[in-house]
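The figures here come from the full heavy-atom set of this structure, side chains too, leaving out hydrogens, waters and symmetry mates. All figures in this text were calculated on a predicted structure; none of them were measured in a lab. Just so we're on the same page: letters track the sequence lines, and every chain starts at 1.
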Amino acid sequence: MVQEALFWIVVAVVVGGQVLLVHAAWRLRRAPVELPPGVPRSDARADMAWTVATAALTAAMLFVAYRALL
Amino acid sequence: MSERMPTSSLRRLALAGAAATIAAIASGGLVSATDSAASCATWPLCTDALLAPGTPLVWLAFAHRLLVLLAMLLGVAGALAALRTPAAERWARLPLIAAPLVGLLQVGAGAAMVQLRLYGAADVSHLAGALLVLACQVVPVAVLAQPHSSAERSGGRALRSARRLSATAWWSAGAIGVLTLALSARAAAAATAAAAAIVPANAIGAVAVAIAFAGATLWQAWRSRHDDKLLVRFSLAVLLLTAAQAGLLLLPPAAAGFGVALGALVWSAALALAVLATRRPLVDDRSSGAQRSSVVGGRSSDASAATSSLLSDYLSLTKPKVISLLLLTTLAAMYLTEAGAPSLWLVFWTMVGGYLAAGGAGAINCAFDHDIDVNMGRTSRRPVPSGRISRQAAMAFGLLLSALSVVVMLVFTTPLAALFSTLGIVYYALFYTRWLKRSTWQNIVIGGGAGSLPPLVGWTAVTGSLSLAAVVLFAIIFYWTPPHFWALALVKQKDYTRAGVPMLPVVAGEAETRWQILVYSAMLVALSALLTAIGAMSWIYLVAAAVLGALFMRYAWDIWRKGDQASIWGLYKYSLLYLALLFAAMVLDRAVL
């Protein structure tokens, strides 16, 4: 019971955090900042892909953890 | 409280307290070695035994309690004196004030062990508390004996060397403390008391680690503070005393307590050395290796100094400070598996293979990143950008170490551990260094995967397979990486801009970085609790993770709200401690429950 409650708290924080990070990546993609000379601009689509991939892998880990709890 | 005491009186009281504590520890060792604790089954006065005809065992146990009482009284006197000496430094006063409080806990633990008849457990956990009390008394003695020196007139290189020496000396003291406990734990290795397993009874490994750290301290002292005879000789004495402790392995395990007195003395000496290494004045920049060779005429051609400098440069290519934290997570993971404590040889070879892999990857990184390093103040004096070692030599060195690591891991551990270790090299040296670092602001987020692999190496070296708990360890370090490195990037923003590295503060600004640090920190702290949620850890770890995580969040919150240098540096430094303590808490949890 306590373990399950703890698990769902973890899920809530991680999901909330990932939503904020995806939103931040989207924000940076739409409004790129003026970069100092010599600093390369990263590929916005790749940045978004990295963010989503991280979120997806974390979600997969949490899913496996959920299965382990059952 | 109105009267003020001179610091000399405080020092004398602290010294007397330390001496009494050492005597109490020594007598405790004898009690353990002779198994005389069972002769005094009542606490605190041992009345039953004293009413009966006395035996040497009873008197020994009783004398130990008297010495503990004396140490406690002197500890209380020291604390009161510290309260009445506001002029003394904080590092002299606070430990002295803490000493009797730790001592009270220690006495309480001792009483519980007598009442519960956990005499075996007393050998390790009771000794750990006593060593902590001793530290609270030795550190003030050393602090009061050696006032802090001003380093204003010293150059950056000398200051860096001094910091390296100080860090090595403190690590050495820690390793010697663990060694003393491990040697004592030999007596309890066969006991059924669970608490006796808190420190792995792996005394041979502890001897090797302690001697390595003490040797490194001596080498660092000789290299960077050659002119400070006291420091060099003191370092040599600590090394010799530590080596002498190895002789205690010849004692039968049941008699391990006889060596506790020596352990307490070496622990005191190592702590005093660490304080001296931190506070002794720097002579000037001439004492540091490379400059010494060009400034001090006669010695400039000294072959041993040149060799030492070259070896030092090659060692620095492996980034030993970074590796120490990686190896700590590897080591901790080895003790967390369901397979139980690994063998000494497996631990040894996994550490060797891990160092070679991480060091090889670091050297390749130095070869590839010379164009970046030369533009950054933090890295411009590394051997490759400064021209002391060529790119080709650094690359060859890195490839050699990497190849050796593959061989060592394959031969002495498991194929899966070798695979993860090799993956770490490729991930860091190629994927991160050659691509991510130079192309995206997500560089250290995705690149953090390389630094997250060591626990998987340790875990699979023991079990040969992966499990969910191991993946969670990976995730914890993965989410720890962005707050840690972005804090550094916020401080070194100009360096990264000059070097053309698209770190988040450079391409998205400070406010965005501070915000993302907060978000990643929250996810890190949450994920640290996942180990308990899936049943891999108990409440002991959960409490530690919650406390450590709360502090982490406080630093992250301060960065987000204030964004000043103090809060940024605070998070950067605390994050290192956080990771080490979090993994230590895991090992403790697994050892106790």
Side-chain angles (χ1 to χ4, degrees), chain A, chain B residues 375 435-443 445-449 467-469 471-472 474-475 478-479 482 493-494 496-509 512-513 515-516 518-539 542 545-546:
Chain A
M1 185 65 184
V2 175
Q3 284 179 318
E4 268 192 40
L6 194 57
F7 173 77
W8 289 114
I9 291 170
V10 173
V11 170
V13 175
V14 172
V15 169
Q18 289 296 350
V19 168
L20 292 172
L21 291 179
V22 171
H23 179 254
W26 181 256
R27 201 160 19 88
L28 288 171
R29 180 188 176 187
R30 289 183 55 115
V33 181
E34 191 64 36
L35 294 179
V39 176
R41 182 177 298 283
S42 56
D43 184 337
R45 281 175 303 180
D47 290 337
M48 179 56 79
W50 287 128
T51 309
V52 172
T54 306
L57 288 172
T58 308
M61 182 189 70
L62 290 174
F63 179 70
V64 175
Y66 175 70
R67 293 283 300 272
L69 275 177
L70 293 178
Chain B
N375 282 308
W435 184 30
L436 289 173
K437 185 173 181 179
R438 296 160 185 265
S439 65
T440 170
W441 59 265
Q442 297 262 25
N443 48 15
V445 178
I446 307 303
S467 75
L468 177 60
V471 177
V472 175
F474 175 94
F478 186 86
Y479 279 91
Q493 205 176 141
K494 287 179 183 168
Y496 283 112
T497 303
R498 194 163 53 240
V501 180
M503 294 295 280
L504 186 61
V506 176
V507 302
E512 181 66 37
T513 308
W515 165 241
Q516 292 212 20
L518 184 68
V519 175
Y520 271 101
S521 300
M523 288 194 290
L524 162 68
V525 173
L527 281 170
S528 70
L530 192 57
L531 284 170
T532 301
I534 62 173
M537 290 287 148
S538 75
W539 62 269
L542 184 63

- prompt: Can you list the steps and then say if B:Val506 with B:Val501 is a side-chain contact (heavy atoms from CB on, under 4.5 Å)?
  reply: CA-CA 8 Å; B:Val506 176; B:Val501 180; over 6 Å; no
Side chain, backbone, both or neither: which part of [X] has a heavy atom under 4.5 Å from chain A?
X: B:Val471; value: both
X: B:Ile534; value: both
X: B:Val472; value: both
X: B:Leu542; value: side chain
X: B:Leu436; value: side chain
X: B:Leu530; value: both

For the residue pair [X] and [Y], what are the closest heavy atoms and their distance?
X: B:Phe478; Y: B:Gly448; answer: CD1-C, 4.1 Å
X: A:Leu28; Y: B:Ala508; answer: CD2-CB, 3.7 Å
X: A:Val10; Y: B:Ala529; answer: CG2-CB, 4.2 Å
X: B:Ala522; Y: A:Val13; answer: O-CG1, 3.5 Å
X: B:Ala533; Y: A:Leu6; answer: N-CD2, 3.8 Å

Region of [X] that comes under 4.5 Å of a non-hydrogen atom in chain B:
X: A:Leu62; value: side chain
X: A:Ala68; value: side chain
X: A:Ile9; value: neither

Note to self: With chain B as the partner, which of A:Gly38, A:Pro40, A:Pro36 has the greatest number of non-hydrogen pairs under 4.5 Å?
What the structure shows: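 Top count of heavy-atom pairs under 4.5 Å with chain B: A:Pro40.
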N/O donor-acceptor pairs between chain A and chain B, cut-off 3.5 Å:
{"unit_1": "A:Gln3", "atom_1": "NE2", "unit_2": "B:Thr532", "atom_2": "O", "d": "3.2"}
{"unit_1": "A:Gln18", "atom_1": "NE2", "unit_2": "B:Tyr479", "atom_2": "OH", "d": "2.5"}
{"unit_1": "A:Arg27", "atom_1": "NH1", "unit_2": "B:Glu512", "atom_2": "OE1", "d": "2.7"}
{"unit_1": "A:Asp47", "atom_1": "O", "unit_2": "B:Gln442", "atom_2": "NE2", "d": "3.1"}
{"unit_1": "A:Asp47", "atom_1": "OD1", "unit_2": "B:Thr440", "atom_2": "OG1", "d": "2.4"}
{"unit_1": "A:Asp47", "atom_1": "OD2", "unit_2": "B:Trp441", "atom_2": "NE1", "d": "2.9"}
{"unit_1": "A:Thr51", "atom_1": "OG1", "unit_2": "B:Gln442", "atom_2": "NE2", "d": "2.5"}
{"unit_1": "A:Thr58", "atom_1": "OG1", "unit_2": "B:Tyr479", "atom_2": "OH", "d": "2.5"}

